Amino acid sequence: QVQLVESGGGLVRPGGSLRLSCVASGTIFSPYDMNWYRQAPGKQRELVASIARNGDTEYSEFVKGRFTISRDNAKKTMYLQMNSLKAEDTAVYYCNRPFDDLWGQGTQVTVSS
């Protein structure tokens, strides 16, 4: 069964950090570009960051300088290091493989004091 599984979400105070992971199973990983998306309550899902198969990265303006996307092809895992978190970063975070529109189940990130 081909799937993506996210983990690492939780409750963190403003200014804190979290690292999300997305593990791929039942499929090869290295040849594919990958994305992180997020969806806040009452809002549309939005692209957070992308990493190409060659490691090139892109970030949405609202996370530039705070978040870092990376991948470990040997572990079939993508990461999202989130620093200087703000209340507006609260959302469910999803990993995505655009090649075949494959999605994980999401992991909740809540930033609150």
Side-chain angles (χ1 to χ4, degrees):
Q1 182 182 1
V2 177
Q3 60 179 353
L4 301 174
V5 178
E6 303 96 334
S7 62
L11 173 63
V12 63
R13 294 185 184 275
S17 298
L18 283 174
R19 188 175 82 152
L20 306 184
S21 299
C22 169
V23 179
S25 62
T27 179
I28 55 176
F29 180 76
S30 59
Y32 299 107
D33 299 343
M34 296 291 295
N35 298 321
W36 282 103
Y37 280 79
R38 71 185 186 187
Q39 187 167 20
K43 295 188 177 181
Q44 288 191 329
R45 194 170 295 189
E46 60 185 1
L47 180 63
V48 175
S50 301
I51 186 163
R53 60 183 182 177
N54 67 356
D56 288 347
T57 59
E58 294 184 358
Y59 297 91
S60 296
E61 283 298 323
F62 50 81
V63 302
K64 273 185 181 178
R66 300 189 298 124
F67 291 11
T68 303
I69 189 172
S70 61
R71 64 192 296 163
D72 184 336
N73 290 333
K75 295 183 178 180
K76 296 187 178 181
T77 301
M78 176 176 66
Y79 303 98
L80 186 68
Q81 177 66 44
M82 306 187 295
N83 299 329
S84 302
L85 283 161
K86 306 175 182 179
E88 51 263 44
D89 294 318
T90 295
V92 178
Y93 284 72
Y94 298 89
C95 60
N96 163 254
R97 188 168 75 183
F99 173 78
D100 52 358
D101 200 31
L102 182 66
W103 293 86
Q105 84 289 349
T107 185
Q108 176 70 47
V109 172
T110 302
V111 185
S112 175
S113 56

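Being a predicted model, the structure only gives us computed values, none of them experimental.
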Open item on the list: Give me the atom names and distance for the closest heavy-atom approach of Lys64 to Tyr59.
Closed with: CE-O, 3.4 Å
Task: Atom pair SG (Cys95) and CD1 (Ile69), whose distance is rounded to the nearest 0.5 Å - done: 10.0 Å
- [ ] Using the side chain to side chain contact (heavy atoms under 4.5 Å, CB included) rule, pick out the option among Arg97, Arg53, Met78 that qualifies with Phe29.
- [x] Met78
TODO: Identify the two heavy atoms, one from Tyr32 and one from Phe99, that lie closest to each other, and give their separation to 0.1 Å.
DONE: CE2-CD2, 3.4 Å
Task: Closest heavy-atom pair and its distance - Ala91, Ala40 - done: CB-N, 3.8 Å
Task: Gap between atom CE of Met34 and atom CG of Leu102 - 0.5 Å precision - done: 7.5 Å
Task: Gln105 atom CD, neighbour heavy-atom count above 12 within 6.0 Å - done: yes
Task: From Leu4, Asn35, Val48, residue fulfilling side chain to side chain contact (heavy atoms under 4.5 Å, CB included) relative to Asn96 - done: Asn35
Open item on the list: Closer than 3.5 angstrom, by distance alone: can the side chain of Glu6 be matched with the main-chain N or O of Cys22 as a donor-acceptor pair?
Closed with: no
- [ ] Side-chain contact test, heavy atoms from C-beta onward, threshold under 4.5 Å: evaluate it for Arg38 versus Phe62 and give yes or no.
- [x] yes
Open item on the list: Is the ring pair Phe67/Tyr93 parallel, tilted or perpendicular, if the boundaries are 30 and 60 degrees?
Closed with: tilted
Open item on the list: Give me each pair satisfying side chain to side chain donor-acceptor pair (under 3.5 Å) with a member in residues 11-24, each pair once, sequence neighbours excluded.
Closed with: Ser17-Asn83
TODO: With rounding to the nearest 0.5 Å, note down the distance linking CZ in Arg66 to OG in Ser84.
DONE: 7.0 Å
- [ ] Hey, could you give me the CD1/CG distance between Ile51 and Asp33, rounded to the nearest 0.5 Å?
- [x] 9.5 Å
Open item on the list: If hydrophobic clusters are built by linking Ile, Leu, Val, Met, Phe, Trp and Tyr wherever their side-chain heavy atoms come under 4.5 Å apart, do Val111 and Trp36 end up in the same one?
Closed with: yes
TODO: Determine whether Met82 and Val63 fall in the same hydrophobic cluster, where Ile, Leu, Val, Met, Phe, Trp and Tyr are linked whenever their side-chain heavy atoms lie under 4.5 Å apart.
DONE: yes
TODO: Kindly give the heavy-atom pair with the smallest separation between Val2 and Gly26, and that separation in Å.
DONE: CG2-O, 3.2 Å
Task: Shortest non-hydrogen separation from Ser113 to Pro14 and the atoms involved - done: N-CD, 3.7 Å
Open item on the list: Assigning hydrophobic clusters by single linkage (Ile, Leu, Val, Met, Phe, Trp, Tyr; side-chain heavy-atom cutoff under 4.5 Å), is Leu80 placed with Leu47?
Closed with: no
Open item on the list: Among Leu20, Val5, Leu18, exactly one meets side chain to side chain contact (heavy atoms under 4.5 Å, CB included) together with Thr107. Which residue is that?
Closed with: Leu20
Task: Any Thr90 side-chain heavy atom under 4.5 Å of Gln108 side chain - done: yes
TODO: Kindly compute the distance separating OH (Tyr37) from OG (Ser60), expressed to the nearest 0.5 Å.
DONE: 9.0 Å
TODO: Evaluate whether atom CD of Gln44 has more than 12 neighbouring non-hydrogen atoms of other residues, nucleotides or ligands under 6.0 angstrom away.
DONE: no
